[in-house]
Amino acid sequence: IGAALLTPILTLWLMEGLQALLRQRGGVIERMAPRTIVRSLSRMAVAVAALMVAVSAIIGVGVMVSSFRQTVVLWLDDVLQADIFVSPPSLSSNSVDATLDPALRDRLAAMPGISRTATTRGVDVVARTAPDADIFPIRLVALSDDLAGPDRRYRSAVGDWQQTWQAVRDGGVLVNEPMANRLNLRVGDMLRIQTDRGEEAFPIAGITVDFDVRSVVFMDDPIYRQWYDDALISAIALFVAPGVDVDSMVQTIRADVAGEQELLVRSNRGTRENALEVFDRTFTITLALQFLATIVAFIGILSTLMSLQFERVREIGVLRATGMTRRQLWRLSLLETGLVGATAGLLAMPTGFVLAVILIYIINLRSFGWTLEMRLEPGEFVQAFLVALVAALLAGIYPAWKIGNTPPAIAVRSE
């Protein structure tokens, strides 16, 4: 709203600056275009504001989505360190509820070409922050090893990555950023988790970057087995020996377990591609929203230009009667609409940037609890500017054609 209210004065300043620039160098048609916008500012400013708001939304959402995607890519690079991932099929895309027999891990570890294995175990339990506080559900994930190692990113921790993981091995836990923000947790706080041995307090050793909106707590696998009567595992990570082809190893594992147990065996690349495919599919709707915003702005500009041209019929008739050709009239009309689109595009850039800041650092943080890393791509702004310019030019074609086909005699006659 603030940017829209500033649009008239900013448009006036831009047009006055352009008039000063064209006063010595521009032709008659070029000098007329910005002057017409200034004279019709009460109507033109509304069209500029409508297009500016639509294009700024395109920029804001575009920057947010690209920043989100880049942050997810970096996060995947951190956590997907193994070469192959083995898990049971699951109906949920963000958790594995089925389990695997630990004997499968030993069997896979013994296969030629496998140099190292790691496991995870995920269960749903309850916890609370104090003895008299309300309980809440958490996803408890037991890790046999910190695969991310030095690449794991923490919002805060007890020390460097080695000190932090040692604190986890000593009985501490890691909590994901959404959970920490939602419950206002800090490193050093105690988290009371319900175990098979009763409620037990675990110190928080670190707050880790994670894109699960649920409350997720990471625990060392031996500590988990100590407090829970559970020998099962949820997923297995495999590292292949140097020189072994990962895709061939995936096919070998699938052939070895075929007919015994249905498993999902994916390479690091396949897991990454699947995650990004889900991400891209999730945000496809934003393209439709951006398209609808542009259509609404286009209709607003078209109606404004039609009204303006209707009011200028006598003026255009006089210009035609005194020698303006149809080609010059087209040129004048397209210059005017082009200036409308260019002005809207220029004003949309800072407005879109502010919207992106709000979406990334306020809306996402409050709604989901995670912090994104802003990524500004010049292409996003250039594309939005071109959308504003092209939308305005297209909206000006029909009014220019209509007024150009009106005979000057009819245009100038008295009402």
Side-chain angles (χ1 to χ4, degrees), residues 67-87 94-96 115-123 127 138-183 185-189 191 193 202-224 233-240 266-269 271-276 278-279 364-365 368-375:
S67 300
F68 198 171
R69 195 180 196 281
Q70 181 63 23
T71 307
V72 169
V73 169
L74 294 175
W75 174 66
L76 291 174
D77 290 339
D78 294 344
V79 299
L80 297 182
Q81 296 290 332
D83 298 308
I84 301 173
F85 299 92
V86 181
S87 63
N94 60 353
S95 66
V96 178
S115 62
R116 176 186 166 200
T117 65
T119 64
T120 62
R121 176 67 175 122
V123 294
I138 65 170
R139 181 71 176 179
L140 182 61
V141 179
L143 305 173
S144 67
D145 198 359
D146 183 19
L147 299 183
D151 294 325
R152 185 180 294 278
R153 290 181 297 160
Y154 296 96
R155 294 303 177 198
S156 60
V158 295
D160 60 23
W161 71 274
Q162 293 174 320
Q163 294 171 325
T164 302
W165 186 247
Q166 185 58 49
V168 175
R169 288 187 179 279
D170 293 338
V173 295
L174 305 176
V175 300
N176 67 341
E177 184 185 14
M179 176 179 176
N181 290 333
R182 190 179 301 118
L183 300 174
L185 298 175
R186 298 290 182 269
V187 172
D189 292 348
L191 186 64
I193 303 176
F202 297 89
I204 298 176
I207 299 172
T208 182
V209 174
D210 186 75
F211 289 97
D212 195 330
V213 294
R214 300 172 303 174
S215 298
V216 182
V217 177
F218 300 93
M219 178 182 290
D220 188 38
D221 190 76
I223 301 296
Y224 172 78
I233 55 180
S234 299
I236 305 172
L238 305 175
F239 293 82
V240 302
R266 294 194 182 99
S267 64
N268 183 305
R269 182 180 61 186
T271 303
R272 187 190 311 271
E273 290 176 351
N274 181 69
L276 293 178
V278 172
F279 178 91
N364 268 286
L365 186 60
F368 306 108
W370 54 54
T371 303
L372 306 181
E373 298 179 9
M374 177 174 282
R375 179 171 179 253

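As a basis for the values below, the full set of heavy atoms in this structure was taken, side chains included, without hydrogen atoms, waters or symmetry mates. Counting begins at 1 with the first residue of the sequence.
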Apply salt bridge (Lys or Arg N to Asp or Glu O under 4.0 Å) to Arg186 and list each qualifying residue two or more places apart in sequence or on a separate chain.
none
Examine distances only and state if a side-chain atom of Ser87 and a backbone atom of Ala235 form a donor-acceptor pair shorter than 3.5 Å.
no
Any pair with a residue in residues 67-86 that passes ring-ring contact (aromatic ring centres under 6.0 Å, His included), sequence neighbours left out, goes on the list, sorted by first then second residue, please.
Phe68-Phe211, Phe68-Phe279, Phe68-Phe283, Phe68-Trp370, Trp75-Phe211
Residue pairs passing the side-chain hydrogen bond (donor to acceptor under 3.5 Å, both in side chains) test with at least one member in residues 153-163, sequence neighbours excluded, are Asp78-Arg153, Arg153-Glu373, Arg155-Glu177
Looking only at heavy atoms, which two atoms of Ala205 and Val168 are closest? And how far apart?
CB-CG2, 4.3 Å
Between CG of Asp170 and CD1 of Ile223, what distance do you get to the nearest 0.5 Å?
7.5 Å
Hey, could you give me the CE/CG distance between Met179 and Leu191, rounded to the nearest 0.5 Å?
4.5 Å
Restricting to non-hydrogen atoms, name the atom on Pro203 and the atom on Gly171 that form the minimum distance, rounded to 0.1 Å.
CD-O, 3.7 Å
Atom of Ser234, atom of Gly122 and distance for their closest heavy-atom approach
OG-N, 3.0 Å
Hey, what do you get for CG (Leu143) to CH2 (Trp165), rounding to the nearest 0.5 Å?
5.0 Å
Under the rule for salt bridge (Lys or Arg N to Asp or Glu O under 4.0 Å), what residues qualify as partners of Asp145, not counting sequence neighbours?
Arg116, Arg169
What are the two closest heavy atoms between Val213 and Pro178, and how far apart are they?
O-CB, 4.2 Å
For Ser215, what residues pass the side chain to side chain donor-acceptor pair (under 3.5 Å) criterion, not counting sequence neighbours?
Arg182
Does Asp83 have any side chain to side chain donor-acceptor pair (under 3.5 Å) partners at least two apart in sequence or in another chain, and if so, which?
none
Name all residues meeting the side-chain contact (heavy atoms from CB on, under 4.5 Å) criterion together with Leu365; count only those two or more places apart in sequence or in a different chain, and write none if there are none.
Asn181, Thr371
Rounded to the nearest 0.5 Å, how far apart are CG of Leu372 and CG of Leu74?
11.0 Å
Could you tell me the separation between the CZ atom of Arg272 and the CG atom of Leu276, rounded to the nearest 0.5 Å?
7.5 Å
Out of curiosity, Leu174 CG to Met219 CE, how far, rounded to the nearest 0.5 Å?
10.0 Å
Please give me the minimum heavy-atom distance between Thr164 and Gly159, naming the atom from each residue.
OG1-O, 3.3 Å
Side chain to side chain contact (heavy atoms under 4.5 Å, CB included), paired with Val217, selected from Leu140, Val141, Asn176
Leu140
Those residues at least two apart in sequence (or on a different chain) that pass side-chain contact (heavy atoms from CB on, under 4.5 Å) with Ser144 are Ala118, Thr119, Asp221
